[in-house]
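Scroll down for the structure; my scribbles are underneath it.
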Amino acid sequence: MSHLNPFVTFLLLNILKLAVVLVLTLTAVAYTVLLERKVLGRMQNRWGPSRVGPFGLLQPLADGIKLFLKEDLLPFASDRPLFIVAPIIALTCSLVSIAVVPFGALQTITVNGVGVDIFNVANVNIGLLVVLGITSIGVYGIALSGWSSNNKFALLGSLRATSQMISYELALGLSLVGVVLRAGSLNLRDIVASQSAHGAASWNVFGGFQFVAFFIYLMAAYAETNRSPFDLPEAESELVAGYHTEYSSMKFAMFFMAEYANMITVACVATLLFFGGPSSPFGNLIPAFGGPVIQAILPIMWFILKVLCFLLLYIWVRGTMPRFRYDQLMAFGWKVLLPIAMVNILVTSLVLALRG
Amino acid sequence: MQLALFLIFGGLAIAGAINLLLQKHPINSALSLVVVMMSLAVLYWSLGAEFLAAAQVIVYSGAIMVLFVFVIMLLNAGEEEHTHGSRAAYIAGFPGAAAIFCVLSFVFLTESKHLGSANLGGQLSQASNNIAEISSVLFTKLLLPFEVTSILILVAILGAVVLARKEQ
Amino acid sequence: MSAQVPIAYYLILAAILFSTGVAAFLIKRNIITIFMSIELMLNAVNLTFVAFAHMWHQVQGQIFVFFVMVVAAAEAAVGLAIIIAIFRSRQTLNVDQINLLKN
């Protein structure tokens with residue numbers, strides 16, 4: 001290894017990190033689908049998938065093989081290049097933002113003179129803005145899929161999705177300003193550090209009095225990921241399947257994976273910004289135990305636990321809430337969430353300014 | 001590194017701009033403009049303007065261009081047809097654009113020595129944080145222009161609502 | 001590895017983008033595409049601002065780009081609303097047929 005120069009070492013280590021995180025994320029996506037089917041099944045008093053493997057644990061594999069082997073249809077009147085590019089944009093944008101998420105405590109190892117943070121793919125100064133930017137690019141995948149299918153249901157679904165996502169992006173962005181004001185940084189590690197001092201008492205959602213912002217974020221995130229109760233773009237009772245009506249086989253699977261990967265990203269960001277990220281909810285109350293390895297793994301466990309709670313909340317809401325009407329959705333975004341978000345920014349900045 | 005980034009993303013930007021010129025369908029032109037904007041964001045980042053790079057992605061490609069694509073989809077705009085007006089535009093357009101390019105690049109090349117060169121990273125005076133510096137100047141020295149632009153946006157929102165509303 | 005790039009190259013890139021924008025503005029007949037070429041020209045000018053900000057080690061150039069972006073966003077909102085209003089009354093996006101003031 002020692003014959004490599006620092007740049008090549010850095011590059012190789014980063015590619016390795018990327019590959020590991022990508023594989024883990026895709027596995028997590030597959031099992032989130034299974035989790036949703038299982039939990040939703042139990043909520044509706046049925047079993048959910050239970051035939052493939054023990055407890056249905058191999059179901060994602062079976063689904064993947066089924067989708068992969070299906071015929072890949074290209075509608076005759078579709079805009080071919082855009083039709084193929086659209087699902088790729090959707091999936092890529094939903095996976096890229098995982099790269100800035102720190103999923104463990106800062107742990108630097110030095111290989112060949114190059115220090116590498118092993119629990120974070122890219123520690124960027126503007127991490128939060130990167131996540132927001134990538135989310136806003138993801139709109140193109142959905143908009144183009146509806147346009148290129150040349151199908152009225154798909155076009156209506158994608159028009160709905162686009163306007164919904166543009167509208168709720170405002171509320172989403174504004175709800176995060178309070179957190180940024182408190183942390184004084186856009187770096188996700190700094191934001192986590194600003195709320196890890198006293199465990200759960202210093203989390204933004206409790207100690208930071210950002211629960212209003214958290215509520216807005218939660219609502220906007222449901223709308224951004226096109227999930228129930230805001231899943232109008234794919235309302236099957238009105239629009240067949242919405243923007244992915246004409247998609248089949250792997251292209252459909254890409255949209256499906258993009259939706260769940262977006263869910264995971266949104267859950268990660270909520271955990272980082274409002275629930276202290278990988279820091280322990282007990283803060284310094286529990287003295288450090290075990291060796292350095294346990295101390296390195298424990299934050300990851302906390303992080304995964306918090307993200308899992310969010311995913312369960314998502315599924316719970318889907319099992320409980322009826323779908324909104326479209327005008328209700330728009331009115332809620334513009335007339336309720338946006339003003340509350342602005343008031344939240346005003347109050348937060350006033351309090352911070354008065355406290356000095 | 002700086003040179004590689006410049007060559008790759010500058011090339012992409014030029015390809016996108018020329019594609020915008022050549023494509024017949026407005027949605028293809030819009031998408032090539034998105035490519036230009038994303039590659040410009042990378043160039044901004046390589047010039048040490050990381051906040052602007054993020055703002056470019058969020059505001060330009062994430063909001064403005066999405067609006068363009070949305071309007072194209074909403075109006076179901078077809079391919080553009082050629083009229084006798086466009087032939088005159090061809091005759092005036094290409095030489096005019098070429099003349100502007102020649103003048104600009106002549107000036108830049110003659111002044112090249114005084115302009116110096118760029119290297120990677122944040123090189124703004126002493127501060128390590130680009131965003132902190134931008135915000136401190138923006139909210140102290142340039143507070144009035146900032147407030148004026150916010151009023152401009154408010155007026156623009158109202159104007160857009162009034163213009164796009166169906167008449168009863 | 002850390003090869004430097006002359007600022008002039010960035011400016012020439014901006015010049016190429018700007019003149020492509022001018023050409024597209026003159027040649028295109030679709031009003032939305034014309035509007036997009038204005039955005040392209042604005043972007044080219046923004047690149048020169050960032051390059052000069054880098055050259056002088058000053059942050060003011062970047063702030064000016066910030067203002068340009070804000071104004072461009074406002075302009076896009078109003079401009080697209082106007083385009084929708086025109087399309088409602090004339091059923092076309094071709095600038096040669098939008099000649100109400102001529103007759």
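The chains referred to below are lettered A, B, ... by the order of the sequence lines, with proteins before strands, and numbering in each begins at 1.
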Worksheet item: Does the side chain of Leu82(A) come within less than 4.5 Å of Asn28(B)'s, by heavy atoms?
Response: yes
Discussion item. Can you confirm whether Phe83(A) sits close enough to Asn150(A) that some side-chain heavy atom of one is under 4.5 Å from a side-chain heavy atom of the other?
Written reply: no
Fill in: Distance-only donor-acceptor check, side chains Ser158(A) and Trp147(A), under 3.5 Å
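No - no donor-acceptor pair under 3.5 Å links their side chains.
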Worksheet item: Is there any residue in residues 98-110 of chain B with a non-hydrogen atom under 4.5 Å from a non-hydrogen atom of chain A, and which ones are they?
Response: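 Those residues of residues 98-110 of chain B which would need a heavy atom under 4.5 Å from chain A do not exist here.
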Worksheet item: Mind checking which of residues 58-68 of chain B sit less than 4.5 Å from chain A, heavy atom to heavy atom?
Response: Ile58(B), Ser61(B), Gly62(B), Met65(B), Val66(B)
Item to complete: Only counting residues at least two apart or in another chain, list the ones meeting ring pair (Phe, Tyr, Trp, His ring centres under 6.0 Å) with Phe70(B).
Response: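 Per chain and number, Phe70(B) pairs via ring pair (Phe, Tyr, Trp, His ring centres under 6.0 Å) with no residue.
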Worksheet item: Hey, which of Leu159(A), Ile134(A), Thr135(A), Val139(A) has the most heavy atom pairs under 4.5 Å with chain B?
Response: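 Answer, by heavy-atom pair count under 4.5 Å with chain B: Leu159(A).
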Worksheet item: How far apart are the closest heavy atoms of Glu224(A) and Met165(A), and which atoms are they?
Response: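 Looking at all heavy atoms of both residues, the shortest contact is OE2-O, 2.8 Å.
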Worksheet item: What residues form a side chain to side chain donor-acceptor pair (under 3.5 Å) with Ser194(A), not counting sequence neighbours?
Response: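 Here no residue qualifies.
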Practice prompt. Give, for atom CG of Leu176(A) and atom CG of Leu129(A), the distance between the pair rounded to the nearest 0.5 Å.
Written response: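 Interatomic distance, Leu176(A) CG to Leu129(A) CG, rounded to 0.5 Å: 10.0 Å.
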Looking only at atom types and distance, does a side-chain atom of [X] sit under 3.5 Å from a main-chain N or O of [Y], one as donor and one as acceptor?
{"X": "Tyr217(A)", "Y": "Val266(A)", "value": "yes"}
{"X": "Tyr44(B)", "Y": "Ala54(B)", "value": "no"}
{"X": "Gln164(A)", "Y": "Ala223(A)", "value": "yes"}

